Enquirer: 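I have a structure here, written as structure tokens, and I will follow up with some questions on it.
Scope of the values below: all heavy atoms of this structure, side chains included, with no hydrogens, waters or symmetry mates. Only a predicted model underlies this, so the values are computations on that prediction, with no experimental measurement involved.
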Amino acid sequence: MILFDLDPQCGSVLSGLTDGAVQTEHMLVDVLLESRHGSLEEALQRHVSRPVPHGPLLLGGFGAPEQAVGVDFAPLATTLTEIVDADLIVDIGRFAMAHPVNVLLHESDLVLVVTDSSFNSVRTLVRTLPALTREADDVPIGLVVVDPGKPYPGRDIGDACGRKVLAEIPLDARTAAVWSDGAPPPPRHRRRPLTRAAAHLAARVRAELASPPEGVTA
């Protein structure tokens, strides 16, 4: 699995994994600059790295929002679709209508939208989904609900949005700090609630991708 941080508002995955302890020398900007004078695929191979032993292969994101201005994401999207020997997760951050990075949406196999269960978050999600659906074209969209039941259950959120909730993620601050603040994995890390929920999500994603589209008989 390879994680690509393509959030145009400034990537935070690498700094979250390492708490800023790893130098930003293998970043998306380096790939884009080198691809101007060579192969984009070869540049990706040089700069994808594993910054922490317990983390995924990763390409760090933009160091500042202005670095994303004027970037043509289409060649990158095409190159990523040609990688067939690994599962790819692409984080494009908060959805912004008509942003150039959205080309990654309709080149994906599945789009996941992460939300909490508060009134304001669900209200924003319901109002944003039509635009997201248009930009994702025919790509299926699933929901991931963090801390469900505060106040809305995941099932109600899925019904309101007309989308499947593929996973419910519990609040697990100690485990979350491993990914957001560079904390060391706690004892029995793989048995922690957040880790188990993430494994369940991965299984659901695999099942969704393996099943035929609605209306299609295998």
Enquirer: Identify whether Val90 and Leu110 are in the same connected component of the hydrophobic contact network (ILVMFWY, side-chain heavy atoms under 4.5 Å).
Expert: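 Different clusters: Val90 never reaches Leu110 through Ile, Leu, Val, Met, Phe, Trp or Tyr contacts under 4.5 Å.
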Enquirer: Taking it one step at a time, do Thr133 and Arg163 satisfy side chain to side chain donor-acceptor pair (under 3.5 Å)?
Expert: CA-CA 11 Å; Thr133 300; Arg163 300 287 178 178; 2.8 Å; yes
Enquirer: For the residue pair Arg190 and Arg196, what are the closest heavy atoms and their distance?
Expert: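 What the structure gives for the nearest pair is O-CG, 3.7 Å.
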Enquirer: With hydrophobic residues grouped by side-chain heavy-atom distances under 4.5 Å, do Val48 and Leu33 end up in a single group?
Expert: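 Both belong to a single hydrophobic cluster.
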Enquirer: Could you please spell out the steps behind the side chain to side chain contact (heavy atoms under 4.5 Å, CB included) verdict for Val205 and Asp87?
Expert: CA-CA 11 Å; Val205 167; Asp87 295 323; over 6 Å; no
Enquirer: State, yes or no, whether a side-chain contact exists between Thr124 and Phe95 at a heavy-atom distance under 4.5 Å.
Expert: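 Thr124 does not reach Phe95 side chain to side chain.
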Enquirer: Using atom types as modelled, flag every donor-acceptor pair under 3.5 Å from a side chain in residues 136-158 to any protein atom, sequence neighbours excluded.
Expert:
unit_1 : atom_1 : unit_2 : atom_2 : d
Asp147 : OD1    : Lys150 : NZ     : 3.4

Enquirer: Is any side-chain heavy atom of Leu14 less than 4.5 Å from a side-chain heavy atom of Leu58?
Expert: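 Leu14 vs Leu58: side chains touch.
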Enquirer: For the hydrophobic clusters of this structure (ILVMFWY residues joined by side-chain heavy atoms under 4.5 Å, transitively), does one cluster hold both Leu57 and Leu44?
Expert: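 Both belong to a single hydrophobic cluster.
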Enquirer: Just say parallel, tilted or perpendicular for the rings of Trp179 and His189, cut-offs at 30° and 60°.
Expert: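 It falls in the tilted class, 30° to 60°.
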Enquirer: Given side chains that start at C-beta, do those of Leu132 and Leu105 come closer than 4.5 Å, heavy atoms only?
Expert: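 Yes, at least one pair of side-chain atoms sits under 4.5 Å.
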Enquirer: Are any of the side-chain heavy atoms of Gln67 and Leu28 separated by less than 4.5 Å?
Expert: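 No. Closest side-chain heavy atoms not under 4.5 Å.
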Enquirer: Starting from the C-alpha separation in whole Å, work towards a yes-or-no answer on side chain to side chain donor-acceptor pair (under 3.5 Å) for Ser118 and Asn120.
Expert: CA-CA 6 Å; Ser118 67; Asn120 281 333; over 6 Å; no
Enquirer: Answer whether the closest heavy-atom distance between the side chains of Leu59 and Ile2 falls below 4.5 Å.
Expert: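 A side-chain contact is absent here, since even the closest heavy-atom pair is not under 4.5 Å.
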Enquirer: To the nearest 0.5 Å, what is the distance between CD on Glu82 and OG1 on Thr79?
Expert: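 Here the rounded value is 5.5 Å.
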Enquirer: Taking all non-hydrogen atoms of both residues, which atom of Val178 and which atom of Pro185 are closest, and how far apart?
Expert: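 Shortest heavy-atom contact: CG2-CA, 3.8 Å.
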Enquirer: Give a yes or no on whether Ile92 and Met97 share a hydrophobic cluster (residues Ile, Leu, Val, Met, Phe, Trp, Tyr; joining criterion: side-chain heavy atoms under 4.5 Å apart).
Expert: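 Linked, Ile92 and Met97 end up in one cluster.
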Enquirer: If we only count heavy atoms from C-beta on, is the Asp7 to Ser12 side-chain gap below 4.5 Å?
Expert: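 Not touching, per the 4.5 Å side-chain cut-off.
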Enquirer: Which atoms form the tightest heavy-atom contact between Ile89 and Met1, and what is the distance?
Expert: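 Between these two residues, the closest heavy atoms are CD1-SD, 3.8 Å.
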Enquirer: Mind listing the closest non-hydrogen atom pair of Arg50 and Gly55 along with its distance?
Expert: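 Shortest heavy-atom separation between Arg50 and Gly55 comes out as NH1-O, 2.9 Å.
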Enquirer: Kindly give the heavy-atom pair with the smallest separation between Val111 and Ser108, and that separation in Å.
Expert: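 Heavy atoms only, the tightest pair is CG2-CB, 4.5 Å.
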Enquirer: Measuring only between side-chain heavy atoms, which start at C-beta, is Thr128 closer than 4.5 Å to Val113?
Expert: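 The answer is no, as the side chains (C-beta and beyond) never meet within the 4.5 Å cut-off.
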Enquirer: Show the nearest heavy-atom pair for residues Val13 and Asp5, with the distance to one decimal.
Expert: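 Closest approach of Val13 to Asp5: N-OD2, 3.1 Å.
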Enquirer: Let me check something: do Phe119 and Leu125 share a hydrophobic cluster, defined by ILVMFWY side-chain heavy atoms less than 4.5 Å apart, either directly or through other members?
Expert: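 Per the 4.5 Å side-chain linkage, Phe119 and Leu125 are co-clustered.
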Enquirer: Rounded to the nearest 0.5 Å, how far apart are CG of Asp159 and NZ of Lys164?
Expert: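 Spacing of CG (Asp159) from NZ (Lys164) equals 13.5 Å.
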Enquirer: Is it the case that the side chain of Asp172 and the backbone of Leu194 share a donor-acceptor pair, with hydrogens and angles ignored and the cut-off at 3.5 Å?
Expert: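 Such a contact is found between Asp172 side chain and Leu194 backbone.
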Enquirer: In Å, rounded to the nearest 0.5 Å, how long is the span from CG of Leu88 to CG of Leu3?
Expert: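 So the gap between those two atoms works out to 10.0 Å.
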Enquirer: Can you tell if the side chain of Leu80 reaches within under 4.5 Å of the side chain of Glu107, non-hydrogen atoms only?
Expert: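 The answer is no; the side chains never approach within 4.5 Å.
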